[in-house]
Structures are given as structure tokens and as C-alpha cells.
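I have placed the structure first, in the form of C-alpha cells, so that the comments after it can refer back to it.
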2 protein chains.
Amino acid sequence: MDTTETARFVTALRSRILAGELPDGARLESERELALRHGLSRTTIRAGLQTLEASGLISRRVGRAGGSFVSLPTGDSVANSLQLVIGAGGISGPDLMETRLAIEPMCAELAAERMGKDGLSELSDIQSEMVSAMRVVGNPSNRQRFLTANARFHLRIAYGSGNAALAAILRGLIDPIEKLIDDPETLGETQLRELVRAHEAICSALQDRNGPRARAVMRKHLQAHLALNGRY
Amino acid sequence: MDTTETARFVTALRSRILAGELPDGARLESERELALRHGLSRTTIRAGLQTLEASGLISRRVGRAGGSFVSLPTGDSVANSLQLVIGAGGISGPDLMETRLAIEPMCAELAAERMGKDGLSELSDIQSEMVSAMRVVGNPSNRQRFLTANARFHLRIAYGSGNAALAAILRGLIDPIEKLIDDPETLGETQLRELVRAHEAICSALQDRNGPRARAVMRKHLQAHLALNGRY
DNA sequence: CGCATTTAATGGTAGTACCAATATAGAATG
DNA sequence: CATTCTATATTGGTACTACCATTAAATGCG
């Protein structure tokens, strides 16, 4: 394996990073120094660093105090690659909804156990925002406000689950899903009102710290979406 | 945004790919031609292609009929970035198990509805492999055989769900999880036998095309793991 | 026709030079 | 002394040239 010099350099540096030898935020040597140390040209070093940067393992800044800095990958990179695959059409609409249906009830259950007071109040703020946006949802910009707040509502619960993996996955799904469901035909005023009501029930279950109920209500809420336009 | 020439080139080419303008497998112009067409140096073009390759959007081959080829990202890139984040310690052990608990029951339910005859027979082959490996599980190499087959069992069901997103996610989780649970203390012969029994029940539910039962049995199976060593 | 050889095209690597951004050291100034 | 401006050093970003290694196609030969 690792036929090229660049690939060798990448795997070497990547394992040092993942092994924790280079802590988060650590500054690597300059490209010129790395080239000398590894007996490679700056060209090759730069190619390797480019790859590592694209993987989210380092970030680079120019300038005197600049250089390459270790940045341990977070859920962001998962969300990004998920969005890439979806954007490329590698995952169908029904797949998205099914995945959501797998993830979010679990998020709700965990959030009921773990979400703090501030998180819950943030959630009810978002809920108020949705209610106020709904009043004039005929206005296109308000419809957008409504949908954005809806996404934030679900994301906030995922964060509230305290589970980085679940949150990252939902973050990757939510934008494509939002575009998928934004259809005035199937998502009219009646449905929006129903949606707000469901959110109310979820909030209440979370405040009661009732995990199973939160899970059940969330599940029902999502399945209602699925039923709206049977096949996406 | 896109302060550097490289970044500009990357975003331009990426959107062309995601827009479907460049179909899967399409061959890009050579680096020298791209440089001319974009009025950039080959250096910059190469930097951009390096990034796109790391994102899984293109692959490159040397040689006369070589070049850069569009490769629409698949679940692999999601699995990879998931493994990167986990490898960097960005996701805890309990997070992993909870995510698994969210994903796999859904996989089982869908697989019960969608898995074909060949898939089911593959599954029972894997099951036989596990049974035969279990007989001499004291032997370390056989223990490895057993665990590998176990992973394949769960992955096969995820594929059988026909849902690319769920399969990709489990693929990213399974290796780290396998290492996590491979503890002779908590996973002794008694537990292995119990595990095989659970797999048997899952197989049977799938063959009966009983989705809800498949979901329930899978869920119970995973929760047994969780209970084994309460906190990972 | 079939096989070996040559040739041409590609990405990979090296090296040099210079540019642009930016933190730091130092000088000028109040 | 404090502040502000200026020079400077260090860094990544880009350009250009040259050559190598790999690979498939074109060519030649038997």
C-alpha cells in the first residue's frame, strides 16, 4: 500500500494525530521544515497537507504566526460528507426519512433525560418563533422563517441528547430533508398547525423528563410527515 | 468566501459535479489542460484536485489513459469520516452504543420487508460460521473469527435494509464497537452462546418477514450488550 | 495475425522563485 | 513612558520548469 510518497506522508502524519501524539491545536513544523525532515520536496509535503486539510485533520493559516495546526475532526466532517453523498444523489428521499425516523426518537428519549434547564428554555424560544412565523405563513419569507426554526428545533433536541454521533448525523440530514418537505401542496396551513401541536407535545414530554413518551411523540410526529406524501 | 484561487477552483468543480453536469466516471481534462482553461498554474489545479480526491469526489490514475475521474461519493466517505472522528476520540463509547441502538432495530425492520432470498441465505451462512467458530472460542484466532463474523452479520442486515444511509452509518460504527466489546471478562462463553441464540431469533424473524418482531429482537439483543458492562 | 517494442500521454515529484498575509520587533512620535 | 507607525521576518499560496514513473495505445516485426 501507499504507493506514492504523498500517501506515505499522509498516513504517517494521520496516525500520529489519531494516536494523540499531536494534540488538538498543536502547530506542525512549517512546510519547509517538514520537507527537510522527511527528505521530500515542499511540493509533496503540500500535497499531503492538502489531503489532511480536506479530511478535517489539520487547518492552515498564512502569515508569520501561521502554519498547519492539528484540528481533531468533529461531527462536522461527518455531517459534511453525509451532505456530499446526499447531494450527489447517493441516498434517496425515503432513505433520508427512514434514517431520521431511526435517529430522532432516540435523540428525544436521551434529551428527556439529559437536557438542562437552559436547553429547554432555548427550545421553547424556538417554539415561540415558529408560532409567530406561522401566523403569516402565506408570506414566503415567513414560511422560510418557519422552516428554519423547525430545523433548529429538531437540531436542538439532537444536541440535547448529549450524543455527538446522533447530533452529527441529524446535522447532515436536516438540510436536504428540509428542502424535501418544503412543498406547499402537502405542507399547507393545516399541516403546519398540526406540526406545531406535535412540537408542543414533545416539549412537554421533555420538561416532564419522560423519555419513553418523548420518544413516542417524536416518532409519531415524524411518521405523520411520512404519511403526508407517502413516497418522497 | 473562497479567498484562495485553489478554493475557488474546488468549489466551482465541486458544484459542477454535484449538479450532475459531470456524470459518474466522467474523465476530466488533464491537469495541464485544466490549468490552461482556468488560467491557473498546474500547481494550483493539482492542489484543488488533491482536495476533491480527499473528499471522494474524484479519483486519479496515472498513465496514458489516466487522469481525473468523477466518482460520486458513496456511503464509504461517510463511514470513513465517522471512523476518523471516533478514532480521534470525538465520540464516546456510550455514544457509539446508543447510536447503534438507534440504527439497527430500524435496519432489522426494513430488512425483514426487503431482504431477498439470497441475502437471507448469506445471513444463515454467516450464522453457521459463528456457530462453528464458537465451538473453539478459547483459541484466540477463533475468537477473532467469531467477532468478525458477528460484525458481518450485523452489516449484512444493514445492507439488507436497502437504506444506503443506515448501512453507511453502521459501517462507520462497527469496527470501533467491535474493539469496544471484545473483552473476555464481559464477553465470555455464556454471553457468546446467548449472542448466537439472539442471532437465531433475528434470522427467524427476517425469514418470517415479520418487521416488528425483527425490530424488537434486535433491540433486545443490543440492549443485552449494553447491560453486560453497563458503562463502556 | 500475434507478440514484442516503441512512443505518447498522464499524474507524481523536485526545485526555484516570488507573492500575499500577518505577527513581531523596532523606531518614531506624542 | 505609552502609542503609533514602520520595517522585517516567517508563513502558506501560486507560478513555472524540468524530469520521472506509469500506463495504454501505436507501431513494427516475425
Side-chain angles (χ1 to χ4, degrees), chain A residues 1-17 22-73 77, chain B residues 1-17 22-73 77:
Chain A
M1 272 336 116
D2 286 3
T3 58
T4 69
E5 295 291 341
T6 303
R8 259 188 282 277
F9 170 65
V10 167
T11 57
L13 194 45
R14 176 171 40 215
S15 22
R16 287 184 63 197
I17 292 176
L22 300 166
D24 197 18
R27 178 182 173 171
L28 271 52
E29 296 173 294
S30 77
E31 297 177 350
R32 291 159 176 91
E33 287 170 327
L34 285 170
L36 271 163
R37 180 176 309 278
H38 290 81
L40 296 170
S41 73
R42 200 185 149 203
T43 307
T44 304
I45 297 296
R46 273 186 65 76
L49 294 179
Q50 199 83 29
T51 295
L52 291 170
E53 188 179 33
S55 316
L57 281 167
I58 66 170
S59 64
R60 301 196 278 179
R61 291 197 298 277
V62 300
R64 178 161 178 163
S68 302
F69 301 84
V70 175
S71 82
L72 294 184
S77 59
Chain B
M1 272 336 116
D2 285 4
T3 58
T4 69
E5 295 291 341
T6 303
R8 258 188 283 276
F9 170 65
V10 167
T11 56
L13 193 45
R14 178 172 37 215
S15 25
R16 287 184 64 197
I17 293 176
L22 300 167
D24 198 18
R27 177 182 172 171
L28 271 53
E29 297 172 296
S30 76
E31 297 177 351
R32 291 161 176 89
E33 288 169 328
L34 285 170
L36 270 162
R37 179 174 308 278
H38 291 82
L40 296 171
S41 73
R42 199 185 151 204
T43 308
T44 303
I45 296 296
R46 273 186 64 76
L49 294 178
Q50 199 83 31
T51 295
L52 291 170
E53 188 179 35
S55 317
L57 281 167
I58 66 170
S59 64
R60 301 196 278 180
R61 291 197 298 275
V62 299
R64 176 161 180 160
S68 302
F69 301 83
V70 175
S71 82
L72 294 183
S77 59

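Per chain, numbering begins at 1; letters A, B, ... match sequence-line order.
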[X] side chain near [Y] side chain, heavy-atom distance below 4.5 Å:
X: R60(A); Y: R46(A); value: yes
X: R14(B); Y: L52(B); value: yes
X: I17(A); Y: I58(A); value: yes
X: L49(B); Y: L28(B); value: yes

Original post:
For the base of dG13(D), is there a side-chain donor-acceptor partner from R61(A) under 3.5 Å away?
Top reply: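 Not at all, since no donor on one side and acceptor on the other fall under 3.5 Å apart.
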
Original post:
dA9(C) base to S30(B) side chain: any donor-acceptor pair below 3.5 Å?
Top reply: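 Result: no qualifying N/O pair found.
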
Does [X] place a side-chain N or O at less than 4.0 Å from the phosphate oxygens OP1/OP2 of [N]?
X: T4(A); N: dG11(C); result: no
X: T6(A); N: dT13(C); result: yes
X: R60(A); N: dG13(D); result: yes
X: R64(B); N: dT7(C); result: no
X: T44(A); N: dA14(C); result: yes

From [atom1] of [X] over to [atom2] of [N], roughly how many Å is that when rounded to an integer?
X: F69(A); N: dT22(C); atom1: CZ; atom2: C1'; result: 12 Å
X: E31(B); N: dT22(D); atom1: CD; atom2: C1'; result: 14 Å
X: R46(B); N: dC20(D); atom1: CZ; atom2: C1'; result: 13 Å
X: F9(B); N: dT14(D); atom1: CZ; atom2: C1'; result: 14 Å
X: L34(B); N: dG11(C); atom1: CG; atom2: C1'; result: 12 Å
X: Q50(B); N: dG13(D); atom1: CD; atom2: C1'; result: 15 Å
X: E5(A); N: dG15(C); atom1: CD; atom2: P; result: 12 Å
X: E29(A); N: dT11(D); atom1: CD; atom2: P; result: 10 Å

Subject >> Gap between atom CG of D2(B) and atom OG1 of T11(B) - 0.5 Å precision >> reply: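 One finds 4.0 Å between OG1 of T11(B) and CG of D2(B).
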
Tell me which nucleotide among [options] gets nearest to the side chain of [X].
X: V62(A); options: dT14(D), dA24(D), dT22(C); result: dT22(C)
X: S41(A); options: dG12(D), dG11(C), dT13(C); result: dT13(C)
X: R42(B); options: dT11(D), dA18(D), dT14(D); result: dA18(D)

Subject >> Toward the 5' end of DNA chain C, by each residue's nearest nucleotide, G39(A) or G66(B) >> reply: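 The answer here is G66(B).
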
Original post:
Between R32(A) and T3(A), who's closer to the 5' end of DNA chain C by nearest nucleotide?
Top reply: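 It is T3(A) whose nearest nucleotide is closer to the 5' end.
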
Subject >> For the student: nearest non-hydrogen atoms of F9(A) and I45(A), plus distance >> reply: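 Residues F9(A) and I45(A), closest heavy atoms: CE2-O, 3.7 Å.
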
**OP:** Give one of base, sugar-phosphate or nothing for L40(A), where a contact means two heavy atoms less than 4.0 Å apart.
**Re:**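 Sugar-phosphate, no base atom in range.
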
